[in-house]
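One structure is given here, and the rest of the page talks about it.
Note that this is a predicted model, so its numbers are computed, not measured. The first residue of the sequence shown is numbered 1, and numbering continues consecutively from there.
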Amino acid sequence: MSQFGTFQFNTIQFDGAPSETTVYSTNVVVFDGFSLSDNSSLYLMKVGEPEPKKDILSGNVPRGDGSYVIGNYLRDKVIPVKCLLKKSTAALFDQYIDTIKQNLRGFQKNLDVTRLSDGAVRRYIATLQNGETLFDRSAWNLTAMELDFSFVVKDGLGYGRDYTSVSAAVTSSPTTLVYENMGTYKSKPVVTLIFDSASSVTVINVNNTTTAEQIQYSGAISAGDVLVFDGEQETVTKNGTAVDYSGGFPFVDVGSNNVRFTITGTSFNAYCTIKAKYAYK
């Protein structure tokens, strides 16, 4: 019995929804599973949400006034987290400093920050950058000290932990799906086409007409084939095997995006999904 078009096949397998529920910490700041706000040993005092640095590529106009701009790109985002470390004895205090060092040693790990206003979680890929000065302290207080953590995010962005997606059956060409990006920066989508039937299908073009970016696969498509345009990994696969493509991977910009599917063929029935994680700068 074919599972094409069913919830289990289309949504669970290809839309990014997990087959098992993932249990996340409910604490405000968590690095690689370790809480910096457990209100038992570490008490959160401040967490910042600065803009990432922006690199504007420009130069002076030769023999003229002003300057020209080639482009601009996001660079490092540094997230400050200030905590109070407090223990009942000096021995427990020193032991917990070792515990912190053990748990913050990771490189490029998940830093989850929960917004208190709405409970939304931003996930950053971060590294602690000031460990060498973090534990400098005065000898007069052996059981409490303020810790100013500094986490660097090299791509400058935070993301939602879960995907949001839109899906629809496509039986005519062209067909447009609308994806709404509710983040504050453009995201890289994963576009999946599952072909329940296909007759003489030779070209599949995915075009975000809102941003004028498009990508295309040229080759024979048969019933049962699964074609994935993975903007996160920047690969195109057919039934799990990498294939050649032309064009570039479209982004989904902030707001509404019109993504047009153009399929060249005699007849077809495809289930199309666009999924992405909201990005925040």
Quiz item: Phe31 and Phe151: aromatic ring centres closer than 6.0 Å?
Solution: yes

Quick check: does any side chain N or O of [X] sit under 3.5 Å from a backbone N or O of [Y], one acting as donor and the other as acceptor?
X	Y	result
Asn239	Val226	yes
Thr184	Lys281	yes
Ser218	Val203	no
Ser187	Ala279	yes
Asn257	Gly255	yes
Asn130	Thr133	no
Thr202	Gly219	no
Thr209	Asn258	yes
Ser37	Val29	yes

Practice problem: Any chance you could pull the hydrophobic cluster mates of Tyr159, using side-chain heavy atoms under 4.5 angstrom and chaining through other members? | Solution: Leu74, Leu157, Tyr185

Quiz item: Regarding Ser35 and Asn27, is there a side-chain donor-to-acceptor distance under 3.5 Å anywhere?
Solution: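 The answer is yes; a qualifying pair exists.
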
Quiz prompt | Residues Asn205 and Gln214: side-chain donor-acceptor under 3.5 angstrom | solution = yes

Is there a path of hydrophobic side-chain contacts, each under 4.5 Å between heavy atoms of I, L, V, M, F, W or Y residues, that connects [X] with [Y]?
X	Y	answer
Val153	Leu128	yes
Tyr96	Leu44	yes
Met182	Tyr280	yes
Leu116	Val113	yes
Val30	Val28	no

Rounded distance (nearest 0.5 Å) linking atom [atom1] of [X] with atom [atom2] of [Y]:
X	Y	atom1	atom2	result
Ile274	Glu180	CD1	CD	12.0 Å
Ile263	Ser173	CD1	OG	6.0 Å
Asp118	Arg115	CG	CZ	4.5 Å
Leu92	Thr99	CG	OG1	10.0 Å
Ile194	Leu227	CD1	CG	11.0 Å
Leu177	Arg260	CG	CZ	13.0 Å

Salt bridge [X]-[Y], side-chain N to carboxylate O under 4.0 Å:
X	Y	answer
Asp112	Arg122	no
Lys77	Glu51	no
Asp76	Lys154	yes

Considering only heavy atoms from C-beta outward, does the side chain of [X] approach that of [Y] to under 4.5 Å?
X	Y	answer
Phe149	Ile79	no
Ser150	Pro80	no
Phe229	Leu193	yes
Val206	Gln216	no
Ile100	Leu42	yes
Lys101	Ile97	yes
Asn208	Phe249	no
Thr176	Phe261	no

Quiz item: Taking everything shown except Arg105 itself, do over 12 heavy atoms lie less than 6.0 Å from its CZ?
Solution: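 No, because the 6.0 Å sphere around CZ of Arg105 holds 12 heavy atoms or fewer from other groups.
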
Quiz item: CG of Asn72: more than 12 outside heavy atoms within 6.0 angstrom?
Solution: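 Yes, the 6.0 Å shell around CG holds more than 12 heavy atoms from other groups.
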
Practice problem: Would you please test Thr235 and Gln233 for side-chain hydrogen bond (donor to acceptor under 3.5 Å, both in side chains) and show each step? | Solution: CA-CA 6 Å; Thr235 60; Gln233 302 298 322; over 6 Å; no

Shortest non-hydrogen contact between [X] and [Y], atoms and distance:
X	Y	result
Pro189	Pro250	CD-O, 3.1 Å
Tyr217	Lys238	OH-CD, 3.6 Å
Met145	Asp136	CE-O, 3.4 Å
Ser256	Val178	OG-CG1, 3.3 Å
Gly59	Ser67	O-CB, 2.9 Å

Quiz item: Going through the distances and angles, do Val69 and Leu57 end up as a side-chain contact (heavy atoms from CB on, under 4.5 Å)?
Solution: CA-CA 6 Å; Val69 176; Leu57 304 182; over 6 Å; no

Quiz prompt | Criterion side-chain contact (heavy atoms from CB on, under 4.5 Å) on Thr273 and Val191, from CA distance to verdict | solution = CA-CA 6 Å; Thr273 297; Val191 178; over 6 Å; no

Exercise. Fit a plane to each ring of Phe268 and Phe195, take the angle between them on a 0 to 90° scale, and name the class: parallel (under 30°), tilted (30 to 60°) or perpendicular (over 60°).
Key: perpendicular

Quiz item: After noting the C-alpha distance and the side-chain angles of Phe34 and Leu104, does the key distance pass the side-chain contact (heavy atoms from CB on, under 4.5 Å) rule?
Solution: CA-CA 8 Å; Phe34 178 72; Leu104 299 191; 4.1 Å; yes

Exercise. For side-chain hydrogen bond (donor to acceptor under 3.5 Å, both in side chains), just list the numbers for Tyr179 and Thr164, CA-CA rounded to whole Å, side-chain angles, deciding distance to a tenth of an Å, and then say yes or no.
Key: CA-CA 9 Å; Tyr179 181 88; Thr164 61; 2.6 Å; yes

Exercise. Cation-pi check, Lys87 to Phe93: give yes when NZ or CZ is under 6.0 Å from the six-membered ring centre and within 45° of the ring axis, no otherwise.
Key: no

Quiz item: Do Tyr43 and Asp38 pass the side-chain contact (heavy atoms from CB on, under 4.5 Å) test, and can you show the C-alpha distance, the side-chain angles, and the key distance before you say yes or no?
Solution: CA-CA 7 Å; Tyr43 300 83; Asp38 59 12; 5.9 Å; no

